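Residue numbers start at 1 and run along the sequence shown. In this text the structure is predicted, and so the values were computed from the model without any measurement.
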Amino acid sequence: MIGIKYLIGAVLMAASFISCEESGNKTATANENEAENEVVVERTLRVMSYNIHHANPPSIEDKIDIEAIVKVIKAENPDLVALQEVDFNTERSGEGNQAELIAEALDKEYYFAKAIYYDNGEYGNAILSKFPIKNSEILALPNHPEDNTENRVVALGLIEINANQNILFGSTHLDYKTDSKSRILQVKKLIEMASEWNEPLILGGDFNDGPNSETIQLLDSELKRTCKTCPPTIPVENPKRAIDFIYYKHPQAKFQVKSHKVIPEEYASDHRPVFAEIDIVK
């Protein structure tokens with residue numbers, strides 16, 4: 001009987017040793033897998049999109065307050081800014097390129113893209129960048145002939161993040177009309193252009209449609225938004241609708257959204273600005 005008890009004890013001890021060894025191997029394998037899957041962030045891009053209403057605070061008719069716009073942007077310290085509704089030498093806003101004035105105050109490079117001639121000047125979109133803008137261009141967006149509406153464009157720049165890394169950064173403002181056929185054409189053109197570009201893309205804008213619209217759902221099918229449930233951006237006081245977004249696309253899936261928010265600013269413009277942090281990962 002003593003021999004049998006000894007034999008049983010020996011078997012149990014051996015089984016326990018094997019079990020611990022297997023458990024240790026599984027833990028080691030899990031740790032190795034976690035190490036392989038660990039995300040390494042190369043850089044975080046701070047991005048803002050802001051419809052500035054030609055720097056006219058909606059509460060004060062005819063006032064132009066560039067300093068207020070600069071203050072809002074400066075508080076978030078973005079690397080890249082997409083501006084919409086920017087004036088250049090118009091009678092309503094006075095002399096000067098608003099994009100240039102804002103960029104100089106923030107010590108950033110800029111590119112302004114005219115969408116239309118307006119009020120003896122120009123009106124359009126702009127991009128601001130902490131990094132060098134290597135190339136820039138205006139991309140025209142189509143309109144449906146039945147809409148009889150304003151021309152729309154993309155202000156697009158090739159941004160040199162570092163010596164080995166460039167991204168495309170753009171600002172756009174889609175057609176404003178209710179039930180616009182032009183917005184659908186414009187989104188299709190954006191998708192077409194994005195599919196042809198090999199560089200990573202970040203696009204900010206006033207899309208004049210909400211997340212449940214055909215416009216945004218169509219764009220969502222090809223590009224990614226920095227928000228899923230997006231906080232509202234208009235009206236500026238007690239906002240109820242989200243129509244301002246930041247989109248992105250990376251051929252190697254190296255963009256990941258770290259954060260997204262709408263800035264609770266109620267004075268400087270009739271839109272609240274959108275801000276996102278986008279990680280570039282290895």
Side-chain angles (χ1 to χ4, degrees), residues 47-78 81-106 110 112-128 149-153 155 171-180 182-183 204-211 213 215-216 227 230-246 260-276:
V47 185
M48 178 182 283
S49 183
Y50 197 6
N51 181 325
I52 66 170
H53 194 243
H54 63 277
N56 165 230
S59 60
I60 308 176
E61 187 177 357
D62 297 330
K63 181 178 177 61
I64 301 300
D65 195 341
I66 292 289
E67 290 183 6
I69 297 295
V70 169
K71 182 179 179 181
V72 173
I73 298 172
K74 191 173 185 178
E76 301 302 325
N77 189 30
V81 186
L83 299 178
Q84 302 86 46
E85 295 197 15
V86 182
D87 274 3
F88 183 1
N89 281 342
T90 63
E91 290 188 7
R92 70 177 176 182
S93 298
E95 293 184 3
N97 183 338
Q98 291 187 332
E100 181 179 20
L101 295 173
I102 295 168
E104 286 180 350
L106 295 168
Y110 80 97
F112 170 77
K114 174 185 70 69
I116 60 173
Y117 289 106
Y118 181 83
D119 203 18
N120 292 322
E122 299 178 3
Y123 170 82
N125 309 319
I127 56 173
L128 311 179
T149 190
E150 299 173 350
N151 291 335
R152 300 296 188 179
V153 301
S171 174
T172 194
H173 185 187
L174 301 190
D175 186 50
Y176 68 95
K177 291 197 169 183
T178 304
D179 300 323
S180 168
S182 294
R183 267 198 304 277
D206 173 357
F207 294 88
N208 270 317
D209 246 337
S213 67
T215 303
I216 299 304
C227 55
C230 302
T233 58
I234 63 164
V236 69
E237 293 184 8
N238 301 314
K240 295 176 175 59
R241 297 180 61 215
I243 64 171
D244 302 89
F245 305 107
I246 297 170
H260 174 100
K261 66 179 179 179
V262 171
I263 310 302
E265 210 289 322
E266 298 183 0
Y267 166 75
S269 173
D270 63 345
H271 287 239
R272 293 188 176 193
V274 175
F275 179 86

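Pairing each heavy atom of Asn125 with each of Val153, the nearest pair is ND2-O, 2.9 Å. Across all non-hydrogen atoms, the minimal contact from Ala55 to Ile66 is CB-CD1, 3.7 Å. Here the closest heavy-atom approach between residue Pro239 and residue Pro232 is recorded as O-CG, 3.4 Å. Taking all atoms of both residues into account, the shortest heavy-atom contact from Glu265 to Tyr50 is OE1-OH, 3.9 Å. For the pair Lys63 and Pro57, the tightest heavy-atom approach, listed with the atom from each and the gap, is O-CD, 3.3 Å. Across all their heavy atoms, His260 and Val274 have their closest contact at CE1-CG1, 3.3 Å.
In terms of modelled atom types and a separation under 3.5 Å, the side chain of Arg183 and the main chain of Thr215 share no donor-acceptor contact. Checking side-chain atoms of Ser49 against main-chain N and O of Asp244 turns up no donor-acceptor pair under 3.5 Å. A distance-only check finds no donor-acceptor pair linking the side chain of Asp175 to the backbone of Ser180 [under 3.5 Å]. Distance alone, capped at 3.5 Å, places no donor-acceptor pair between the Asn120 side chain and the Thr90 backbone. At least one donor-acceptor pair closer than 3.5 Å links the side chain of Asn208 to the backbone N or O of Leu174. The backbone N or O of Val236 sits less than 3.5 Å from a side-chain atom of Arg272, completing a donor-acceptor pair. Between the side chain of Asn51 and the main chain of His53, a donor-acceptor pair closer than 3.5 Å is present. Judged by distance alone, with hydrogens and angles left aside, the side-chain atoms of Lys240 form a donor-acceptor pair with the main-chain N or O of Asn238 at under 3.5 Å.
Taken to the nearest 0.5 Å, the NZ atom of Lys177 stands 8.0 Å off from the OG atom of Ser182. Annotation: the span from Ile52 atom CD1 to Ile64 atom CD1 amounts to 9.0 Å, rounded to 0.5 Å. Rounding to the nearest 0.5 Å gives a distance of 9.0 Å between CG of Asp270 and NE2 of His54. Rounding to the nearest 0.5 Å places OG of Ser269 at 7.0 Å from CD of Glu85.
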Audit row: Thr233, Ile243, side chain to side chain contact (heavy atoms under 4.5 Å, CB included) steps and yes/no
CA-CA 7 Å; Thr233 58; Ile243 64 171; 4.0 Å; yes

Does the side chain to side chain contact (heavy atoms under 4.5 Å, CB included) test come out yes or no for Glu150 and Tyr176, once each step is laid out?
CA-CA 9 Å; Glu150 299 173 350; Tyr176 68 95; 4.1 Å; yes

So Ile263 and Glu76, side chain to side chain contact (heavy atoms under 4.5 Å, CB included) or not? Walk me through it.
CA-CA 9 Å; Ile263 310 302; Glu76 301 302 325; 3.5 Å; yes

Passes side chain to side chain contact (heavy atoms under 4.5 Å, CB included), Val86 versus Tyr123? Steps please.
CA-CA 6 Å; Val86 182; Tyr123 170 82; over 6 Å; no

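The shortest distance between side-chain heavy atoms of Val72 and Pro273 falls below 4.5 Å. No side-chain heavy atom of Asn97 sits under 4.5 Å from any side-chain heavy atom of Asn89. Contact check for Asp65 versus Asn56: no side-chain heavy atoms found under the 4.5 Å cut-off. The closest side-chain heavy-atom distance from Ser213 to Phe207 is not below 4.5 Å. Ile102 places a side-chain heavy atom less than 4.5 Å from the side chain of Leu83. Side-chain contact between Ser93 and Gln98: present, with at least one pair of heavy atoms (C-beta onward) separated by less than 4.5 Å.
A ring-centre distance under 6.0 Å is found for Phe112 and Phe88.
Crowding of Tyr117 atom OH: a count of heavy atoms from other residues, nucleotides or ligands under 6.0 Å not exceeding 12.
Between Asp62 and Arg92 no salt bridge is recorded (no basic side-chain N to carboxylate O distance below 4.0 Å).
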